[in-house]
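To start, the structure itself, in structure tokens.
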Amino acid sequence: MPATIAAIASALGPLARRFDVDVLDTCASTNAELLARADAGAASGTVLVANEQTAGRGRRGRSWIASPGDSLTFSLLWRFAPGTAPAGLSLAVGLAVARALRKVGAGDTALKWPNDILRNRRKLGGILVELLPGAPHAAVIGIGINLHLPAAMPPDLRAASAALELPATDESTLYAALLTELLATLEQFAAAGFAALRDEWVARHAFQDAPVLLSADFAVPREGICRGVDTDGALLFETAAGIERVLSGEVSLRPA
Ligand code: ATP
């Protein structure tokens, strides 16, 4: 059943007052739309759900594929204290999603640095954090999760993707469960930083101590061992030269 504002509010219960939820029948990109609303002064906790997202964005101009009834697609605006830079935010969000999926009975998921949710090594969900230009303490957190594999997905991507395939899926309940865990996790993150969440993140890390390839655009991939993440969310990448801290999100990680 497609999500509605009333059903999400009812599933959120008393927490509904912490959010300002809007549901659109269709939207090009919930992140793009929420960035515009944030720029116009939208409050922290503003949420935009799209029952159909036609031009979902990934990192570096990539696209996120979704189709109505097959996908959860939403964005949440979170304003941190001015002057703070939310280091490790996309990792904290991944942990919140994993916590929520477990609570709704979707089982355990694994996390891949910096922004993917995996099941059986296949991508189940993606996260795109975008900071508001000129106000880097205001973050638009976009999340896409596959309920079923979208029909429009090309075969090679289909083979690398996973879906929740929950027996009975009420989308509003799922959105409320995700928002509930996001609220708890973001409050933890705002109070104590990613450091407070790191051990739990590492416990769910898909490639802990595993050989990986790290590739940046226009560069030869480098092989190393993934040693987890630092307290600020930096990837710890070990090569013969030692352990390197990778902060830039402009790289992709693959099992070697
Ligand atoms: P990678 O995960 O390959 O390192 P990335 O983290 O940069 O890349 P994102 O920007 O998070 O990727 O997501 C976009 C990519 O996710 C697309 O290029 C495509 O490969 C994949 N993708 C797009 N839609 C879906 C979907 N519904 N389910 C799973 N994967 C998807």
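Read the numbers this way: they start at 1 and go in the same order the structure lists the ligands and their atoms. Along the sequence shown, residues carry numbers from 1.
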Checklist entry - Can you tell me if Lys112 has a non-hydrogen atom under 4.0 Å from ligand 1? => result yes
* **Within 6.0 Å of CG in Asp25, more than 12 heavy atoms from elsewhere** => no
Kindly indicate, with the supporting measurements, whether the criterion side-chain contact (heavy atoms from CB on, under 4.5 Å) is fulfilled by Leu183 and Trp78.
-> CA-CA 10 Å; Leu183 179 64; Trp78 203 261; 3.5 Å; yes
**Asked** Does atom CZ of Arg60 have more than 12 heavy-atom neighbours from other groups under 6.0 Å away?
**Response** yes
Numbered in order shown, the ligand 1 atoms found under 4.0 Å of a heavy atom of Arg60 are 7 (O)
Under 4.0 Å from one or more heavy atoms of Gly58, ligand 1 contributes atoms 10 (O)
Is Gly125 in contact with ligand 1, taking contact as a heavy-atom separation below 4.0 Å? no
- Message: Taking the side chain as everything from C-beta on, heavy atoms only, tell me whether Leu24 gets closer than 4.5 Å to Asp22.
- Response: yes
Exercise. Does any N or O atom in Ile65 lie less than 3.5 angstrom from one in ligand 1, N or O only?
Worked result: yes
The answer for which part of Lys123 has a heavy atom under 4.0 Å from ligand 1 is both
Item to check | Residues Thr26 and Glu52: side-chain donor-acceptor under 3.5 angstrom | outcome: yes
Within 4.0 Å of some non-hydrogen atom of Met153, the atoms of ligand 1 are 25 (C), 26 (C), 27 (N), 28 (N), 29 (C)
Logged contact type for Leu128 with ligand 1, heavy-atom cut-off 4.0 Å, is neither
Atom 3 (O) of ligand 1 has as its nearest protein heavy atom Arg254 NH2, 2.6 Å
Is there a donor-acceptor contact under 3.5 Å linking the side chains of Asn115 and Ser90? no
So for Ile127 against ligand 1, with non-hydrogen atoms under 4.0 Å, the contacting part is neither
protein heavy-atom neighbour closest to atom 4 (O) of ligand 1 works out as Ser252 OG, 3.0 Å
Closer than 3.5 angstrom, by distance alone: can the side chain of Asn146 be matched with the main-chain N or O of His148 as a donor-acceptor pair?
no
Smallest heavy-atom separation, Thr84 atom then His137 atom, equals O-CB, 3.5 Å
The answer for which part of Asn115 has a heavy atom under 4.0 Å from ligand 1 is side chain
Taking only non-hydrogen atoms of Asn146 and a 4.0 Å limit, the atoms of ligand 1 in range are 26 (C), 27 (N), 28 (N), 29 (C)
Closest to atom 8 (O) of ligand 1 (heavy atoms only, candidates Glu250, Arg59, Arg62) is Arg62
- Mark yes when over 12 heavy atoms from residues, nucleotides or ligands other than Asn120 sit less than 6.0 Å from its CG; otherwise mark no. no
Ser63 heavy atoms within 4.0 Å reach ligand 1 at atoms 14 (C), 17 (C), 23 (C)
Ligand 1 to Ser161, heavy atom cutoff 4.0 Å, flagged ligand atoms 28 (N), 29 (C), 30 (N)
*Under 4.0 Å between a Lys/Arg side-chain N and an Asp/Glu carboxylate O for Arg99 and Glu200?*
yes
